[in-house]
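The residues of the chain are indexed from 1 along the displayed sequence.
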Amino acid sequence: MLTMRQKKAVTRELRDRYRKSSKKEKTIMLNEFIQLTRHNRSYAARALRIKDVLGYMNIGGKRVRLVRDKRKTKRKKKKIYDQDVLLALKEIWKICDYICSKRLAPFLSEIIPALERWGEIKLNLKVREKLFKISAATIDRLLSDTRKRFRIKGRSTTRPGTLLKKSIPIRTFADWDEKVPGFFEVDLVSHDGGATRGDFNQSLNFIDIATGWEEMVAVKNKAQVWVFAGIKRIEERLPFSILGIDSDNGAEFINAHLIRYCKEHKITFTRSRPYRKNDSCFVEQKNWSVIRRAVGYGRYDTDEELSILNELYSYLRLYVNFFQPVRKLIKKERIGSKVIKRYDEAKTPYRRVLASPGIKEEIKVKLKNQYAMLNPAELKRKITKLQNRLLRLNFLKQEVEKGLDKSTKPLSSFEYIST
């Protein structure tokens, strides 16, 4: 059994050799040192790592030995994505309406040249190359603090689900094929402000299942004549023909006028099961992510508000279809109680239309020419301006109706992030 003096002598003798040894050699030396001195392994390793004693001093009446730790300090890695990258990323993220990283990352290679072409952003070569290589996980890490400040609570309970087979077809001229552009899910979004009395504006929403192409138009109310007129307007805007329509069981859709129109134009017309929102999951999802985020939950029932809604939608349809990438579910696997979903790479509806073999080449050329004329940042500014105008108009109307004092701070009816 070694004395304390002998243990210190052994420690001093082994210390220099221990520092210069390889990892395997250190393990062997440490095992022998522990066996010889009977020290605890953690203490023994620390004793062999530290430098010689620097000196002694009295602290609180006790003599304390000062030693220098030999352990190497962790080298700080140089940041790849620095502040310049973060500032550029935030600006692009804002223009893209704060979309998630899985949608933003593959879209950067397309949106950056578009914004540079219109002079909306100026990037040096290094920042540009880094943004083209950045991953979705890195985007999440860089934007985590900013996203927390913009987090919205109390969102709609509408959630996307699995498209179920249509169980109640009205009349079928062709098989319902969700892989071919032209088969649409249709729904009305009410702007009643929580009070269903009287007439109020409605937003007619069309979503193509194959490409995600979306068209929306505001109508005066749910009367069949206005809804049918809205459908005709949407049909004129679409880059491809309507092959199928799937609606809910509301009288605004299930009526003789629309059924006759579908028969005349050989349009497959189906309806979902009552009280099964997942039967129309694609359009139900877009009701929140596009319509509600854009115009909120306020009550719009005047002709002026109807006009603003339609002007807003004229820009929103271009912004969503040309500059909002979406991901499509390609596989779903259940393992026990866990469901694993696989999605494809995020693409805009415009890109999906171009990739579709069922679309004529002349239509694709027309869309390419239209895309070249669009500035996404300018579209976003116009949309925001109309959103604010609609909000102010709605609040002034509430002041008149309720007799509120003009100094009262308005409560925003929007569930979107103001820019």
*Give a yes or no answer on whether the side chain of E110 reaches the backbone of F107 with a donor-acceptor pair at less than 3.5 Å.*
no

*Do the side chains of I95 and L115 get nearer than 4.5 Å, heavy atoms only?*
yes

_Looking at I330, I want to see if its CD1 is surrounded by more than 12 non-hydrogen atoms of other residues, nucleotides or ligands under 6.0 Å._
yes

*Kindly indicate whether the side chain of I231, heavy atoms from C-beta on, has any atom under 4.5 Å from the side chain of L258.*
yes

*Can you find a heavy atom in the side chain of F323 that is under 4.5 Å from one in the side chain of Y371?*
yes

*asked:* Checking the side chain of T348 only, and the main-chain atoms of R351 only, is there a donor and an acceptor separated by less than 3.5 Å?
replied: yes

_Residue K220 excluded, over 12 heavy atoms near NZ under 6.0 Å_ = no

*asked:* Let me confirm one number: the CG-CE distance from L188 to M216, rounded to the nearest 0.5 Å.
replied: 13.5 Å

*Determine the sole option in L204, N287, I207, D246 for which the side chain to side chain contact (heavy atoms under 4.5 Å, CB included) test with D187 is passed.*
N287

_Quick test of your reading of the model: are D248 and R271 salt-bridged, counting only N-O distances below 4.0 Å?_
no

*Is the H39 ring parallel, tilted or perpendicular to the Y43 ring (thresholds 30°, 60°)?*
perpendicular

*Measure the spacing between CD1 of I383 and CG of L318 and express it to the nearest 0.5 Å.*
8.5 Å

*Enter the distance from L86:CG to K130:NZ here, rounded to the nearest 0.5 Å.*
12.0 Å

*So do the side chains of N321 and E215 get within less than 4.5 Å of each other, counting heavy atoms only?*
yes

*Quick check, are the ring centers of F282 and F206 under 6.0 angstrom apart?*
no

*Under the 3.5 angstrom rule, does the side chain of K328 hit a backbone N or O of I209 as a donor-acceptor pair?*
yes

*With sequence neighbours excluded, what pairs up with K397 under the salt bridge (charged side-chain N to carboxylate O under 4.0 Å, His left out) test?*
D301, E305

*Residues in side-chain hydrogen bond (donor to acceptor under 3.5 Å, both in side chains) with E252, at least two apart?*
none

*Whether F228 and H257 hold their rings parallel, tilted or perpendicular, with breakpoints at 30° and 60°*: tilted

*Is the side chain of Y300 donor-acceptor paired with the backbone N or O of V295 at a distance under 3.5 Å, no angle test?*
yes

_Set of residues satisfying salt bridge (charged side-chain N to carboxylate O under 4.0 Å, His left out) with respect to D199, sequence neighbours excluded_ = none

*Can E333 and K341 be counted as an ion pair, charged N to O under 4.0 angstrom?*
no

*Could you check whether the rings of W93 and Y98 sit parallel, tilted or perpendicular, using 30° and 60° as the cut-offs?*
perpendicular

*What pair of heavy atoms forms the shortest contact from A88 to L123, and how long is it?*
CB-CD2, 3.5 Å

_Partners meeting side-chain hydrogen bond (donor to acceptor under 3.5 Å, both in side chains) with N31 (sequence neighbours left out)_ = R41

_Distance, nearest 0.5 Å, that separates CD1 of I308 from CZ of R389_ = 4.0 Å

*Distance-only, no hydrogens or angles: does the R327 side chain make a donor-acceptor pair with backbone N or O of R103 under 3.5 Å?*
no

_Run the salt bridge (charged side-chain N to carboxylate O under 4.0 Å, His left out) test against D84 and tell me which residues pass, sequence neighbours left out._
none

*asked:* Less than 4.5 Å apart, side chain to side chain, heavy atoms only: is that true for R392 and N388?
replied: yes

*Checking D208 side chain against G182 main chain: does a donor-acceptor pair fall under 3.5 Å?*
yes

*Would you check if the side chain of R299 reaches a backbone N or O of G193 as a donor-acceptor pair within less than 3.5 Å?*
no

*Any chance NZ of K133 has more than 12 other-residue heavy atoms, nucleotides or ligands included, within less than 6.0 Å?*
no

*Answer yes or no: is there a donor N or O on one side and an acceptor on the other, between the side chain of K347 and the main chain of R352, under 3.5 Å?*
no

*Chi angles and distances behind the side chain to side chain donor-acceptor pair (under 3.5 Å) call for Q202, S190*: CA-CA 5 Å; Q202 305 273 342; S190 298; 3.0 Å; yes

*Does M29 reach the side chain of S21, with side-chain heavy atoms less than 4.5 Å apart?*
yes

*Flag for T211-Y350: side-chain donor and acceptor within less than 3.5 Å*: no

*Carefully, step by step, assess Q224 and F253 under the rule side chain to side chain contact (heavy atoms under 4.5 Å, CB included).*
CA-CA 7 Å; Q224 296 175 13; F253 297 116; over 6 Å; no

*In Å, rounded to the nearest 0.5 Å, how long is the span from CG of L316 to CG of N310?*
11.5 Å

*Could you grab the distance from atom CZ of R147 to atom SG of C100, nearest 0.5 Å is fine?*
8.0 Å

*Looking at residues at least two apart in the chain, or sitting in another chain, which of them share a salt bridge (charged side-chain N to carboxylate O under 4.0 Å, His left out) with E378?*
R381

*Under the 6.0 Å and 45° cation-pi test, does K26 pair with Y18?*
yes

_Between D97 (side chain only) and I99 (backbone N and O only), is there a donor and an acceptor less than 3.5 Å apart?_
no

*Within a reach of under 6.0 Å around CZ of R117, are more than 12 heavy atoms found that belong to other residues, nucleotides or ligands?*
yes

*Is there side-chain contact between V127 and L87, with at least one heavy-atom pair below 4.5 Å?*
no

*Indicate yes or no for a side-chain donor-acceptor contact from Q324 to the backbone of C96 under 3.5 Å, with no hydrogens or angles considered.*
yes

*Mind checking whether N205 and S203 have side chains closer than 4.5 Å, heavy atoms only?*
no

